[in-house]
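Please read the structure below before turning to the comments.
Naming convention: chains lettered A, B, ... in sequence-line order (proteins, then strands); numbering from 1 in each chain.
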There are 2 protein chains.
Amino acid sequence: MNEEPRFLRDEKLKTPRITRRSATEATLQPLQLGKRVRAIRLSQKLTLEEASQRTGVARSTLSKIENELISPTFTIVQKLVHGLGIDIPQLFSQPRAGATPGGRRDITRRGAGKPHPTPTYAHELLATELTQKKMVPFRTEVHARDFAEYPEWIRHEGEEFLFVLSGTLLLYTEFYEPVELQEGDSAYYDCTMGHALVSTSARDAEVLWVTA
Amino acid sequence: MNEEPRFLRDEKLKTPRITRRSATEATLQPLQLGKRVRAIRLSQKLTLEEASQRTGVARSTLSKIENELISPTFTIVQKLVHGLGIDIPQLFSQPRAGATPGGRRDITRRGAGKPHPTPTYAHELLATELTQKKMVPFRTEVHARDFAEYPEWIRHEGEEFLFVLSGTLLLYTEFYEPVELQEGDSAYYDCTMGHALVSTSARDAEVLWVTA
DNA sequence: CAACAGTGTTTCCTATAGGCAACAAAATCG
DNA sequence: CGATTTTGTTGCCTATAGGAAACACTGTTG
């Protein structure tokens with residue numbers, strides 16, 4: 001009295017109600033999230049019940065996710081990440097069984113990074129072809145012109161190195177006086193300490209940023 | 001508590017979407033995926049309809065996601081990531097309220113680094129006041145003019161990011177063809193793979209290097 | 001300024017995600 | 001060994017995600 005797994009059904013004979021409007025997603029990889037989650041859970045020697053308690057997700061739901069019976073909601077994914085201490089890069093990237101990656105290389109031409117805008121910054125992410133990397137480099141135009149544009153401190157894990165490519169700016173940090181940086185200056189700081197940049201030159205300042 | 005996503009600073013939003021059952025974890029981070037998606041879409045100057053076609057997600061669904069009315073399914077998130085070229089897995093990661101201390105900061109003025117000359121490179125080490133750091137940043141003039149100046153491959157642990165500050169040069173790597181880099185270009189590679197730089201411009205090229 | 005073409009939002013409805021509870025299969029205990 | 005606990009896997013049901021279409025707005029154009 002059991003029906004086939006739903007998503008299989010879906011693949012097979014779900015043509016009548018065609019809603020596939022473009023072929024963009026044709027090449028979408030399976031990306032076995034379920035197996036990944038299971039591997040991570042087992043690696044921590046947790047039972048479904050324990051994982052359930054840590055994440056706040058029902059035991060049954062976890063089972064279904066691990067067996068690829070359902071596609072979890074983003075809120076659930078967040079709970080998993082949070083509760084199991086999963087590093088999201090792994091979740092999104094492919095197996096890559098090997099230990100330390102060997103001979104990878106990724107070239108990013110000027111202006112060819114992936115844009116990532118925010119109200120105060122215009123980031124351009126570099127080396128986005130590589131997934132499992134220790135550092136995240138990006139080039140940024142600092143649009144902010146006043147410290148007041150930041151509703152609160154920017155603050156996150158890790159350490160950050162910044163290098164001023166052009167223009168001048170003020171580096172505000174939580175525990176220090178603001179300091180003016182000019183072209184060629186650089187700074188290294190803990191990201192857990194609140195920080196923010198404000199352009200002071202005629203043109204918006206450009207910085208190179210690397211986070212780890 | 002720092003639960004701001006990496007590049008995100010944003011106005012406060014209300015709806016934390018409460019799950020009434022698992023009261024174990026009362027509050028769940030907002031993590032405004034919606035605003036992020038909207039920002040990315042707008043940065044690419046796409047309408048909802050265009051984004052819909054690229055991602056294969058219904059226009060209405062996109063609208064709801066951007067307005068935080070629903071929590072998208074993982075398959076939908078995948079489609080978004082794929083169709084809009086979103087990278088940055090760490091974008092989604094919630095910096096765990098880790099006990100990483102640290103309010104360190106180190107400013108290095110232009111030219112004020114610690115010189116470290118070699119036959120082929122003139123390194124200037126940056127942020128040398130800080131000792132226990134994850135990354136080692138330095139600015140380098142590439143004196144080498146011929147690959148033959150390197151008796152053997154440079155090779156060491158970790159990963160390296162390099163950004164061309166001025167001039168042009170050739171990046172030789174063990175497993176790839178040499179590639180020419182110009183001002184503003186960047187590269188990321190595994191250091192265990194042999195690598196070497198050679199200036200090709202009239203003046204010696206200058207690069208910014210970060211190792212981790 | 002009416003007819004129109006595009007935008008983003010909202011409504012309606014179906015498909016499905018997720019929790020609870022019943023279940024089967026091991027594992028543990030008596 | 002049977003009884004009990006603990007494991008992971010289903011039914012079942014409700015809450016909700018997601019698609020199509022209607023809608024409300026805003027420009028355009030003749």
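- Residues satisfying the side-chain hydrogen bond (donor to acceptor under 3.5 Å, both in side chains) criterion with B:S201, sequence neighbours excluded, are absent altogether.
- Between B:L165 and A:F163 the shortest side-chain heavy-atom distance falls below 4.5 Å.
- Panel note: side chain A:T55, backbone A:A51; a donor-acceptor pair is recorded below 3.5 Å.
- At a threshold of 4.0 angstrom between heavy atoms, the contacts of B:T73 are confined to the sugar-phosphate backbone, with no base atom among them.
- Among the nucleotides D:dG19, C:dA17, D:dT10, the one closest to the side chain of A:S71 is C:dA17.
- When atom types are taken as modelled, the side chain of B:K133 and the backbone of A:D190 share no donor-acceptor pair closer than 3.5 angstrom.
- Using modelled atom types and a 3.5 Å distance limit, the side chains of A:T168 and A:Q182 yield no donor-acceptor pair.
- A tilted orientation is assigned to the rings of A:Y189 and A:H195, their planes being inclined by 30° to 60°.
- Between D:dT9 and A:N67, a contact under 4.0 Å exists linking OP1 or OP2 to a side-chain N or O.
- Note: CG (B:L80) to C1' (D:dG18) measures 12 Å, nearest angstrom.
- Among all heavy-atom pairs drawn from B:F138 and B:E160, the shortest one is CZ-OE2, 4.3 Å.
- Nucleotide C:dG18 holds its C1' atom 9 Å from the NZ atom of A:K79, rounded to whole Å.
- Using a 4.0 Å heavy-atom criterion, one finds that A:I76 contacts the sugar-phosphate atoms exclusively.
- Atom P of nucleotide D:dG19 and atom CD1 of B:I70 are separated by 8 Å, given to the nearest angstrom.
- Among the heavy atoms of the strands lying under 4.0 Å from B:T47 are primed sugar atoms or P, OP1, OP2 only; no base atom is included.
- Side-chain nitrogen and oxygen atoms of A:T61 include at least one within less than 4.0 Å of the OP1 or OP2 phosphate oxygen of C:dG19.
- For the residue pair B:Y188/B:E159, the side-chain donor-acceptor check at 3.5 Å is satisfied.
- Relative orientation of the A:W209 and A:H123 rings is tilted, given thresholds of 30° and 60° on the angle between their planes.
- Within the structure, every side-chain polar atom (N or O) of B:R41 is placed at least 4.0 Å from both OP1 and OP2 of C:dT7.
- Whole-Å rounding puts the B:L48 CG to D:dG18 C1' distance at 15 Å.
- Within 3.5 Å, a donor on the side chain of A:K64 pairs with an acceptor on the base of C:dG19, or the reverse.
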Any N/O pairs under 3.5 Å between the protein and nucleotides 21-25 of chain D? List them or say none.
none

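- For DNA chain D, the stems formed by at least three consecutive Watson-Crick or G-U pairs, with both atom-pair distances below 3.5 Å, span C:1-23 with D:8-30, C:25-30 with D:1-6.
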